[in-house]
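The block underneath contains the structure these notes are about, expressed in structure tokens.
We use all heavy atoms of the structure for the numbers below, so side chains are in, but hydrogens, waters and symmetry mates are not. Just so you know, residue 1 is the first one in the sequence shown, and it goes up from there.
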Amino acid sequence: QLQLVESGGGLVQPGTSLRLSCVASGSTLDYNYSVAWFRQAPGKEREGVACIASSGGAPKWADSVKGRFTISRDKAKNTVYLQMDSLGSEDTATYFCAARDGTSCHLIPIGYNFWGTGTPVTVSS
């Protein structure tokens, strides 16, 4: 069965960058699963951040991160990345990757049946 493991989070200064990784095992992501990144800050609801279709195209972004975050996937590594630039305190959250058995992606959690356990990101001076 598909398993997802996130990594790359940490404590960073405002204005800096991080790249998160979501490594899949148990199944091949490309052409089988669309993948999304979600985040959840303490006391707040889970928010869709970005997603990418199973083919590697048609990405979507939340308005709050558009122009700052980039989602991509590496077929050879069976991995999806989230490049985060110009980080601010509002980006502080635990970030999760999730996959759904379908070609297209969306930014709501419904339909995403496979989840990682999250990697925390703290942006603070």
With rounding to the nearest 0.5 angstrom, report the OG1 to CG distance, Thr122 to Asp91. 11.0 Å
Pairs flagged by salt bridge (charged side-chain N to carboxylate O under 4.0 Å, His left out) wherever residues 3-30 is involved - sequence neighbours left out: Asp30-Arg73
Applied to residues 96-125, the ring-ring contact (aromatic ring centres under 6.0 Å, His included) test, sequence neighbours excluded, yields Tyr33-Phe114, Phe38-Tyr112, Phe38-Trp115, His106-Tyr112
Would you indicate whether the side-chain heavy atoms of Ser55 and Thr103 approach each other to under 4.5 Å? no
When rounded to the nearest 0.5 Å, the distance separating CG of Asn78 from CG of Leu29 is 4.5 Å
Show the nearest heavy-atom pair for residues Ser34 and Arg100, with the distance to one decimal. OG-CG, 2.8 Å
Ser21 (side chain) donor-acceptor with Ser7 (main chain) under 3.5 angstrom: no
Between the side chains of Ser17 and Asp85, does any donor sit under 3.5 Å from an acceptor? yes
So the disulfide (SG to SG under 2.5 Å) pairs with at least one residue in residues 23-94 (sequence neighbours excluded) are Cys51-Cys105
How many angstroms lie between atom CG of Leu18 and atom CG of Leu20, to the nearest 0.5 angstrom? 6.0 Å
If I compare all heavy atoms of Leu11 with all of Ser124, which pair ends up nearest, and what's the gap? CD1-CB, 4.3 Å
What pair of heavy atoms forms the shortest contact from Ala24 to Ser27, and how long is it? CB-O, 4.5 Å
Do the side chains of Val23 and Tyr95 join up, straight or via other hydrophobic residues, at under 4.5 Å, putting them in one cluster? no
If only atom types and distance count, is the side chain of Thr119 paired as donor or acceptor with the main-chain N or O of Gly9 below 3.5 Å? yes
Qualifying ring-ring contact (aromatic ring centres under 6.0 Å, His included) pairs with a residue from residues 51-89, counting only residues at least two apart or across chains: none
May I ask you to test the Thr94-Pro120 pair for a side-chain heavy-atom distance under 4.5 Å? yes
Can you give me the closest heavy-atom contact between Gly88 and Val123, atom names plus distance? O-CB, 3.3 Å
Residue from Glu47, Arg39, Met84 passing side chain to side chain contact (heavy atoms under 4.5 Å, CB included) with Val65: Arg39
Note: Ser72 and Ile52 closest approach over all heavy atoms is CA-CD1, 4.0 Å
Would you find a donor on one side and an acceptor on the other, under 3.5 Å apart, between the side chain of Ser125 and the backbone of Gln13? no
Hydrophobic cluster (4.5 angstrom, side-chain heavy atoms) - remaining members for Tyr31: none
Could you tell me which residues satisfy side-chain hydrogen bond (donor to acceptor under 3.5 Å, both in side chains) with Gln40, sequence neighbours excluded, listed by chain and number? Arg46
How long is the gap from NZ on Lys60 to CD1 on Ile71, to the nearest 0.5 Å? 11.5 Å
Between Ala93 and Ala41, which heavy-atom pair has the shortest distance, and what is it? CB-N, 3.8 Å
